[in-house]
There are 2 protein chains.
Amino acid sequence: MSRPVTDGQATDSEPDSRPDTALSPYCRARDVLDRVGDKWSVYVITLLGDGTKRFSELKRDIHVITQRMLTVTLRGLERDGLINRTVYPVYPARVEYSLTPLGASLLDTLRALLTWSVDHVDRIDEARQHYDDAVGTDR
Amino acid sequence: MSRPVTDGQATDSEPDSRPDTALSPYCRARDVLDRVGDKWSVYVITLLGDGTKRFSELKRDIHVITQRMLTVTLRGLERDGLINRTVYPVYPARVEYSLTPLGASLLDTLRALLTWSVDHVDRIDEARQHYDDAVGTDR
DNA sequence: CAGAATCCGCGCGGATACTG
DNA sequence: CAGTATCCGCGCGGATTCTG
């Protein structure tokens with residue numbers, strides 16, 4: 001069938017500009033980028049950037065999210081070591097979430113991306129409409 | 001500081017209006033974050049950050065991508081106004097792609113995110129294994 | 001060379017109902 | 001309050017085939 005995807009440098013007689021060497025790290029980095037691609041992860045992280053919050057606080061702040069998706073999102077972030085989950089053995093249950101140092105180290109970059117997105121979303125929408133109009137007439 | 005997002009339902013009759021002040025921009029920004037969530041968009045943008053490239057060059061550089069996904073990815077980026085598509089009326093066809101100023105303005109932020117991802121993917125993998133192990137025993 | 005078109009599996013995410 | 005469990009539609013992305 002198809003030959004094995006050996007993206008290692010193998011015999012690197014090439015001095016530079018071997019794109020394969022740049023692809024492998026990217027494939028691994030996709031695991032992190034997929035978190036950004038999650039619908040709610042970025043928002044949860046930025047909210048926790050303001051400080052520790054309870055489950056119900058996060059739920060109220062986002063409020064359009066379902067309980068299930070909030071749980072799933074928090075589990076994913078906890079699994080990745082980006083947030084802490086603290087359960088208080090009381091009734092009713094009380095669970096608090098906060099950023100780990102790892103999660104906090106992502107905060108600045110995430111905010112930068114979010115800022116860029118908010119700043120340019122109008123231009124992007126404009127570009128999309130322009131593109132979609134051209135599709136109808138030109139093509 | 002902790003701002004009072006929950007200012008109560010002083011003015012009623014609006015089903016969902018109060019806490020949206022912080023959520024609405026995020027919902028719109030999701031359009032941009034979804035691009036980052038795309039499997040190949042980030043890599044294509046960073047590649048074009050080095051300069052104009054032909055379709056076949058991008059295909060060769062990524063080489064694990066299918067022709068279809070490269071086309072789909074490039075269409076999406078073009079539609080968002082992030083890249084230019086230049087067709088040369090020759091045979092065989094020759095098409096070149098390059099970043100628009102808008103796309104170039106995203107480059108730094110994207111590189112920062114990519115750098116963070118590459119730098120911390122090992123720690124994240126470690127956290128995942130630790131989490132998965134705890135699931136088997138603890139819970 | 002640079003695509004368009006078609007088919008399809010799988011996983012994300014929403015809706016809903018139930019529980020310690 | 002903070003989940004868990006189940007069902008399900010839809011879209012992403014891969015494989016394949018055909019074309020200007």
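Chain naming here is simple, since letters A, B, ... match the order of the sequence lines and numbering starts at 1 in each.
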- Of A/Arg85, A/Arg54, A/Glu57, which meets side-chain hydrogen bond (donor to acceptor under 3.5 Å, both in side chains) against A/Tyr97? A/Arg85
- Message: When the axes are fitted on five pairs at both termini, how much does the helix from C/dC1-D/dG20 to C/dG20-D/dC1 curve, in 10° steps?
- Response: 50°
- Task: State, yes or no, whether a side-chain contact exists between A/Arg79 and B/Asp132 at a heavy-atom distance under 4.5 Å.
- Result: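 In short, these two side chains touch, coming nearer than 4.5 Å.
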- Message: Could you check whether any side-chain heavy atom of B/Leu58 comes within less than 4.5 Å of a side-chain heavy atom of B/Leu48, counting everything from C-beta outward?
- Response: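 B/Leu58 reaches B/Leu48 side chain to side chain.
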- Task: Using the test side-chain hydrogen bond (donor to acceptor under 3.5 Å, both in side chains), find all partners of B/Asp34 that sit at least two apart in sequence or belong to another chain.
- Result: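 Here the qualifying residues are B/Arg30.
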- Message: Does a side-chain N or O of B/Arg75 approach OP1 or OP2 of C/dA4 to a distance below 4.0 Å, or not?
- Response: yes
- Short side-chain N/O contact to D/dG3 OP1/OP2 from A/Arg85, under 4.0 Å: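 Indeed, a polar side-chain atom of A/Arg85 lies that close.
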Give the rounded distance in Å between these two atoms: [atom1] of [X] and [atom2] of [N].
X: B/Leu70; N: D/dG14; atom1: CG; atom2: C1'; value: 14 Å
X: A/Tyr97; N: D/dC1; atom1: OH; atom2: P; value: 14 Å
X: A/Lys59; N: D/dG3; atom1: NZ; atom2: C1'; value: 13 Å
X: B/Arg60; N: C/dC1; atom1: CZ; atom2: C1'; value: 11 Å
X: B/Phe55; N: C/dA2; atom1: CZ; atom2: C1'; value: 6 Å
X: A/Arg35; N: C/dG11; atom1: CZ; atom2: P; value: 15 Å
X: A/Arg94; N: D/dG3; atom1: CZ; atom2: P; value: 13 Å
X: B/Asp34; N: C/dG11; atom1: CG; atom2: C1'; value: 15 Å

- Quick one: do B/Glu126 and B/Arg128 make a salt bridge, cutoff under 4.0 Å?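 A salt bridge is absent here (no side-chain N lies under 4.0 Å from a carboxylate O).
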- If you take all heavy atoms of B/Ser41 and B/Arg35, which pair is closest and at what distance? CB-O, 3.2 Å
- Query: Considering all heavy atoms of both residues, which atom of B/Asp38 and which atom of A/Tyr26 are nearest to each other, and what is their separation?
  - Reply: O-OH, 4.5 Å
- Message: More than 12 heavy atoms of other residues, nucleotides or ligands under 6.0 Å from CZ of A/Arg123: yes or no?
- Response: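 Counting other residues, nucleotides and ligands, CZ of A/Arg123 stays at 12 neighbours or fewer.
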- Task: Assign a letter to each nucleotide of nucleotides 12-20 of chain C from its 5' end: B, base within under 4.0 Å of a protein heavy atom; S, sugar-phosphate only; -, no contact.
- Result: -BBB-----
- Query: How would you label the contact of B/Thr71 with the nucleic acid (heavy atoms, under 4.0 Å): base, sugar-phosphate, or nothing?
  - Reply: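 Sugar-phosphate, no base atom in range.
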- Name the nucleic acid region contacted by B/Tyr88, choosing base, sugar-phosphate or nothing; use a 4.0 angstrom heavy-atom cut-off, strictly under.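 The residue B/Tyr88 makes no contact with any strand.
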- Message: A/Ile45 and side chain to side chain contact (heavy atoms under 4.5 Å, CB included): which single residue from A/Leu99, A/Leu114, A/Val36 fits?
- Response: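 The passing option is A/Leu99.
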